[in-house]
Structures are given as C-alpha cells and as structure tokens.
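Every chain is numbered from 1, with letters handed out A, B, ... down the list of sequences.
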2 protein chains.
Amino acid sequence: MPYDPSAFPPFAVTVDLVVLTVRRHALCALAVRRGEPPFQGRWALPGGFVRADEDLAQAAARELAEETALRAHDQTVPAPDNGAHLEQLATYGDPKRDPRMRVVSVAHLALAPDLPAPRAGGDASYARWAPVDELLQQSGYGRDEEPVAPLAFDHAQILADGVERARSKIEYSSLATAFCPTEFTVGELRRVYEAVWGVALDPRNFHRKVTGTPGFLVPTGGTTTRQGGRPAQLFRAGGATLLNPPMLRPEV
Amino acid sequence: MPYDPSAFPPFAVTVDLVVLTVRRHALCALAVRRGEPPFQGRWALPGGFVRADEDLAQAAARELAEETALRAHDQTVPAPDNGAHLEQLATYGDPKRDPRMRVVSVAHLALAPDLPAPRAGGDASYARWAPVDELLQQSGYGRDEEPVAPLAFDHAQILADGVERARSKIEYSSLATAFCPTEFTVGELRRVYEAVWGVALDPRNFHRKVTGTPGFLVPTGGTTTRQGGRPAQLFRAGGATLLNPPMLRPEV
DNA sequence: GATCATAGTCGTCTGCCTGACGATAAACAC
DNA sequence: GTGTTTATCGTCAGGCAGACGACTATGATC
C-alpha cells in the first residue's frame with residue numbers, strides 16, 4: 001500500500017450534525033433548509049466541509065457553534081456549563097450519497113438543553129427544531145398537515161442512527177442530563193427519558209432509581225415550582241458518567 | 001456552504017482494521033509490519049485506501065479478505081458461516097496523524113474465530129497475531145523479552161477503542177459467538193468472555209445464564225471432549241443479536 | 001482397574017433490584 | 001376550603017445474580 005500521492009482518489013470530507021433536544025415533550029432535531037441544488041428547498045442536517053488544518057471534532061464544534069451558538073463540550077464528559085454534549089456518531093461514505101462528487105461525511109451527535117429559537121445566519125426560515133418523528137416519516141404529514149419531504153441526501157439514515165444512539169446511551173450513561181439545564185428536577189429529567197424513549201415511566205420508581213444511583217445527581221439545595229405542584233428539589237449532574245446498574249428501558 | 005469544487009481541501013480516505021480473535025486465552029489483534037517510511041519496521045494495523053467507486057464497508061471487507069482470507073459478514077448479523085463480524089468503529093482525522101498528508105481513516109472492527117497463521121502477501125514475517133496487551137503497552141516488553149515499539153500512527157488509540165468496543169458489546173449482544181467456530185461449547189464461549197474481559201467467571205452461573213437466555217444458543221445435539229473432562233454439549237449461535245438482560249461484566 | 005484430575009451440568013440459597021402500587025406532602029387555582 | 005398537580009416516601013412480591021455444594025462423565029496416571 002504505497003502512499004504515492006497520485007495513487008489515491010481525492011475525497012471531500014464533511015461533518016454533519018445530529019443536534020437533539022427535548023421540546024414540549026418531544027425529541028427534536030435541528031434541521032436547515034437547503035438553499036441550492038441538489039435537494040434545493042429540502043430540509044437537511046446542518047454541516048459543512050472540514051478545513052485543511054482542522055480536526056474532525058473541531059470541525060463539528062465549529063459547525064455547531066455557527067448554527068446554535070452552543071459551545072461544544074468535549075465528548076464523554078457531561079456538560080457542566082450550558083455547552084452541549086458532542087460526540088462522533090458514524091461515517092457515511094457511499095459513493096453515490098452526493099450526486100456531484102465523492103463526499104465522506106463524519107456525522108456527529110450533539111445533545112443540548114431546550115434552547116431559544118435556532119440562530120440562523122440572518123435568515124429566519126433557514127433553521128428550525130423539528131420533531132424527529134416528523135423528520136423521519138418519509139413523505140408524511142407533520143402536525144399542521146403540511147407535507148414533509150424526506151431529508152436530503154442520506155440524512156434520514158444519519159438522523160435515525162443518531163436517535164438510536166441517544167436512546168441507547170441514556171440507558172447506561174448520565175447523558176440524559178445533557179438535555180437538561182444546569183439545574184433541574186427529577187421530574188424534568190424523567191420527562192427527558194419519556195420523550196427520548198417515547199414511553200411513560202413511573203414517577204416513584206424513577207425517583208427512587210435516579211436518587212439512589214451514586215454520583216448521578218447532586219442536590220443543589222434549592223427548590224423550584226416551575227412545573228407546578230409541590231416544590232421539587234433541584235439537582236445538578238454528578239460526576240458519574242456511567243450508570244451501574246443502568247436505567248432500564250421498558251419493554252418494546 | 002457552497003459545494004464549489006475548488007472550495008474544499010482534498011483528503012485521502014483510508015480504512016484501518018482492528019481484527020480481534022482469541023488465541024490461547026488471550027485477546028489478540030492482527031498487526032502488520034510496515035515496509036516503508038514513515039514508521040518503517042514498526043507494527044501497524046492493516047488497512048489501505050478506499051477506492052473511488054467503493055463504499056466504506058466494501059473497502060473494509062476487501063482489506064480484511066486480503067489480509068486474512070476471511071469473508072466479511074455484514075454488520076449487526078452474527079456470522080453463521082466462518083465469516084467474520086465486521087462493523088464500523090470510528091473515524092480518525094487529526095491533521096497531523098500522518099506526517100505526509102491529510103489522511104482521514106475510517107476504522108473498522110472485525111471479530112474472528114481463532115485462525116491458522118495469518119496469510120501474508122507472500123512474506124512470512126509480514127503479519128502476525130499479537131496479544132493486545134502487548135501491542136498496547138507503550139515501549140514495553142513482550143512475553144519473550146523482546147522490546148515492543150508502539151504501534152505506528154495513532155493505531156494504538158484505534159486499537160484501544162476497538163478493544164473497548166468489543167468489551168462492552170459482548171455484554172449486551174451475542175457478538176462473543178463471533179469469536180467461536182460454528183459449533184462450540186458453553187465452556188469455550190465462557191473462555192472467550194474471560195479472555196476479552198480479563199476476568200474469571202463462575203462456570204456454573206455462566207452456564208445457567210447463557211443456556212437460559214432465549215435465542216442465544218441452540219444445541220446441535222452433538223457433544224465433544226476436545227477440552228478434556230466430561231463431554232460437553234455443542235451449540236450454535238441462535239438468532240438473537242441483543243441479549244436482554246445483558247451479561248454482567250464483574251466489578252472493575 | 002482404581003484413583004485422580006479435569007470439565008460440564010444441575011440445584012439451592014440469599015440479597016438486591018425492579019415493577020406495581022398506596023399514601024402523604026406541598027404548592028397553585030378557583 | 002376544595003380540587004388539581006406534582007413530588008416524595010413506603011411496602012410488597014417476583015426475578016435475577018453471585019456464592020457455592022453436589023454430581024457426572026471423560027482421559028491420564030499409577
């Protein structure tokens with residue numbers, strides 16, 4: 001395998017982002033509208049070329065910042081500030097995935113707390129948070145009866161892979177806290193699990209489980225009633241990243 | 001982000017392989033000796049350029065076949081024949097990971113049963129199975145007091161990531177059977193877990209666990225005494241790919 | 001052939017975790 | 001105050017895992 005520079009075909013390398021958050025009890029992803037062919041006018045995942053002097057993680061963090069003003073937080077560590085969790089997802093390199101040329105895309109997965117409207121590059125209709133169910137139902141209809149075209153390129157596959165990664169990873173890691181603000185209640189954390197998994201969880205058993213797992217949650221001392229009802233204790237994410245024993249996702 | 005062909009830097013894209021097997025109670029990886037600079041004479045992971053018309057998985061399967069004469073089996077499905085399990089691992093793209101040019105490597109993980117000596121491209125000392133402990137201890141000494149140089153490029157990191165993936169994945173999937181021949185005994189499967197995790201497992205509890213998990217193992221009816229002692233039942237991998245509940249890796 | 005070593009297989013028991021609840025507490029809306 | 005909502009504490013039964021005893025069936029050794 002000689003590394004003769006003339007012996008290998010040139011590739012374009014991009015990063016694409018699956019940015020997930022939980023809004024109004026639904027798992028949502030960031031989507032941008034394509035302004036040019038191919039797939040002009042269709043929704044796609046945010047992304048862009050990796051620069052010549054840039055690491056893959058740097059490129060993903062840069063794209064994330066450009067789209068959301070989120071500081072990317074280095075992977076594997078739960079975000080202590082309001083930075084998002086960012087980790088590499090998978091790489092997609094089908095020769096025909098981009099009709100114009102050979103593009104290999106290194107997809108990354110970002111998990112963020114609920115944010116204000118996405119910041120667009122000056123264009124209001126450029127980017128939006130869309131429920132993943134809506135983005136993934138091919139040619140289906142969204143909540144307001146508007147027809148939804150499939151995502152551009154192979155982005156539906158990438159999004160599905162990212163969602164599946166998030167679903168399984170909150171089972172055995174403390175990553176669900178990345179969907180929450182710095183301080184949160186047990187109920188808010190439970191609603192994250194319910195939104196991501198799409199199931200209802202028993203509040204009493206959930207409370208016992210998460211408060212009984214050492215290192216998962218640390219109480220801040222404060223309370224809040226922002227959810228209504230009895231005031232709830234506020235917690236911050238503890239240092240533990242791996243949950244042992246894991247949270248159990250209920251039956252299919 | 002226009003796709004102007006002059007606007008993106010060209011990359012070389014390679015696949016590198018972490019090929020794991022279990023030999024003599026030790027987890028081993030396939031290593032090849034580099035015949036040219038950089039890192040000439042050092043051990044490295046097998047790999048090569050992705051061709052212009054080739055998918056990433058195809059490239060990985062081709063490289064695997066060239067190095068080991070293993071038919072690659074498509075990912076997520078446990079190999080029913082003697083093909084190896086193959087799945088994408090992660091992508092490594094540090095700008096300085098190859099001193100000559102910008103190379104992005106899509107690493108793949110392959111799990112194979114114990115094989116005869118690796119097939120080299122005519123050169124006997126070209127490739128070998130090496131215990132991962134030996135390959136990963138930087139500048140350490142191998143079993144026979146021979147000094148071991150670190151792997152070339154960032155291959156130590158890639159190998160470590162692959163080993164960690166294998167360690168965690170046999171917990172909740174039936175992937176450990178990919179290390180076994182088509183027919184195997186419960187004891188042989190247990191020794192796979194022991195080698196990969198580096199721990200001792202109770203044979204009685206292990207037997208109860210794996211035979212009690214529906215879809216994991218199907219008896220073939222035959223028995224064997226190739227391990228000595230009382231004849232053991234032979235099994236084949238069942239259809240189940242996900243183990244629920246998972247195998248529990250003992251405490252650190 | 002008796003004995004031993006080696007592996008495999010079946011049971012038992014105990015502790016822990018989970019799921020399924022009941023019950024109580026503390027806020028807000030009327 | 002009454003009702004509603006959410007949070008939090010308890011209780012109980014079933015299931016699974018770890019620890020370990022007991023028995024079986026082969027080959028090796030004397």
Side-chain angles (χ1 to χ4, degrees), chain A residues 24-25 170-172 180 183-195 197 199-236 240 242-252, chain B residues 24-25 170-172 180 183-195 197 199-236 240 242-252:
Chain A
R24 289 189 246 102
H25 286 216
I170 64 174
E171 277 190 75
Y172 58 89
C180 294
E183 295 198 346
F184 54 89
T185 70
V186 173
E188 289 165 347
L189 183 63
R190 175 170 49 83
R191 279 180 280 276
V192 164
Y193 275 91
E194 291 179 333
W197 284 346
V199 298
L201 299 174
D202 186 288
R204 298 157 290 191
N205 293 335
F206 184 86
H207 188 278
R208 177 183 59 191
K209 171 74 178 175
V210 296
T211 57
T213 300
F216 191 9
L217 301 180
V218 292
T220 68
T223 62
T224 182
T225 75
R226 61 181 170 227
Q227 296 293 336
R230 171 175 165 182
Q233 252 187 299
L234 283 170
F235 293 88
R236 190 171 308 153
L242 253 33
L243 302 185
N244 207 327
M247 300 288 306
L248 290 188
R249 176 158 32 166
E251 275 298 303
V252 186
Chain B
R24 289 189 246 101
H25 284 215
I170 64 174
E171 277 189 73
Y172 57 88
C180 294
E183 295 199 346
F184 53 89
T185 70
V186 173
E188 289 165 346
L189 183 63
R190 176 170 48 82
R191 280 180 279 275
V192 165
Y193 275 91
E194 291 178 333
W197 284 346
V199 297
L201 298 174
D202 185 289
R204 297 157 291 189
N205 292 335
F206 184 86
H207 187 276
R208 177 184 59 191
K209 172 72 179 177
V210 296
T211 56
T213 299
F216 192 8
L217 302 181
V218 292
T220 68
T223 61
T224 182
T225 76
R226 61 180 169 228
Q227 296 294 334
R230 171 176 165 179
Q233 253 188 300
L234 282 171
F235 293 88
R236 190 171 309 153
L242 253 33
L243 302 185
N244 207 328
M247 300 288 305
L248 290 188
R249 170 154 41 161
E251 275 301 302
V252 184

Q: Separation of A:R249 atom CZ from C:dG19 atom P, in whole Å?
A: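 Checked: the CZ to P distance equals 13 Å.
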Q: If the cut-off is 4.0 Å, is A:R190 near the phosphate of D:dT6, judged by side-chain N/O to OP1 or OP2?
A: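 A:R190 to D:dT6 OP1/OP2: no side-chain N or O under 4.0 Å.
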Q: Do A:R191 and A:H25 touch side chain to side chain, with heavy atoms closer than 4.5 Å?
A: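 Answer yes - side chains close enough.
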Q: For nucleotides 20-29 of chain C, give me one character per nucleotide, 5' to 3': B if any protein heavy atom sits under 4.0 Å from the base, S if the only such contacts are to the sugar-phosphate, - if neither.
A: BBB--BBS--
Q: Just the rounded figure in Å: distance from C1' of C:dT9 to CD of B:Q227.
A: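 Answer to the nearest Å: 16 Å.
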Q: C:dT18 P sits how many Å from A:L201 CG, rounded?
A: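 One finds 13 Å between P of C:dT18 and CG of A:L201, rounded.
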Q: Heavy-atom distance under 4.5 Å between the side chains of A:Y193 and A:L189, does that happen here?
A: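 Answer yes - side chains close enough.
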Q: Whole angstrom is fine here: how far is it from CZ in A:R191 over to P in D:dT5?
A: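 It is 13 Å, rounded to the nearest whole Å.
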Q: Would you say that B:I170 contacts B:V192 through its side chain, given a criterion of any heavy-atom pair below 4.5 Å between the two side chains?
A: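 Result no, sub-4.5 Å side-chain heavy-atom pair not found.
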Q: Compare all side-chain heavy atoms of B:M247 with those of B:W197 and state whether any distance is below 4.5 angstrom.
A: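 They are in side-chain contact.
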Q: Provide, to the nearest angstrom, the distance between the CD atom belonging to B:E194 and the P atom belonging to C:dA7.
A: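 Roughly 11 Å, once rounded to whole Å.
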Q: Would you mind telling me which of C:dA7, D:dT6, C:dT18 lies closest to the side-chain atoms of A:P245?
A: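 Of the candidates, C:dT18 comes closest.
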Q: Give me the atom names and distance for the closest heavy-atom approach of B:R249 to B:E171.
A: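 Closest approach of B:R249 to B:E171, heavy atoms only: NH2-OE2, 3.1 Å.
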Q: Check the distance between D:dC16's P and A:L248's CG and give it to me in whole angstrom.
A: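 It works out to 12 Å between those atoms.
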Q: B:F206 CZ to C:dC10 P: how many Å, rounded?
A: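 After rounding, the reported distance stands at 15 Å.
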Q: Given C:dT18, is OP1 or OP2 found less than 4.0 Å from the side-chain N or O atoms of A:K209?
A: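 Yes, because at least one side-chain N or O of A:K209 sits under 4.0 Å from OP1 or OP2 of C:dT18.
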Q: Tell me what B:R226 touches on the nucleic acid: a base, only sugar-phosphate, or nothing, going by heavy atoms under 4.0 Å.
A: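 The answer is nothing, as B:R226 stays clear of every strand by at least 4.0 Å.
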Q: Quick check: do A:T223 and A:L234 have side-chain heavy atoms less than 4.5 Å from each other?
A: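 With C-beta onward as the side chain, the pair stays apart.
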Q: Considering all heavy atoms of both residues, which atom of B:R190 and which atom of B:L201 are nearest to each other, and what is their separation?
A: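 It is CD-O, 4.0 Å.
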Q: Quick check on C:dG8: is either OP1 or OP2 less than 4.0 Å from any side-chain nitrogen or oxygen of B:H207?
A: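 Answer no for this pair, as no side-chain N or O of B:H207 is under 4.0 Å from OP1 or OP2.
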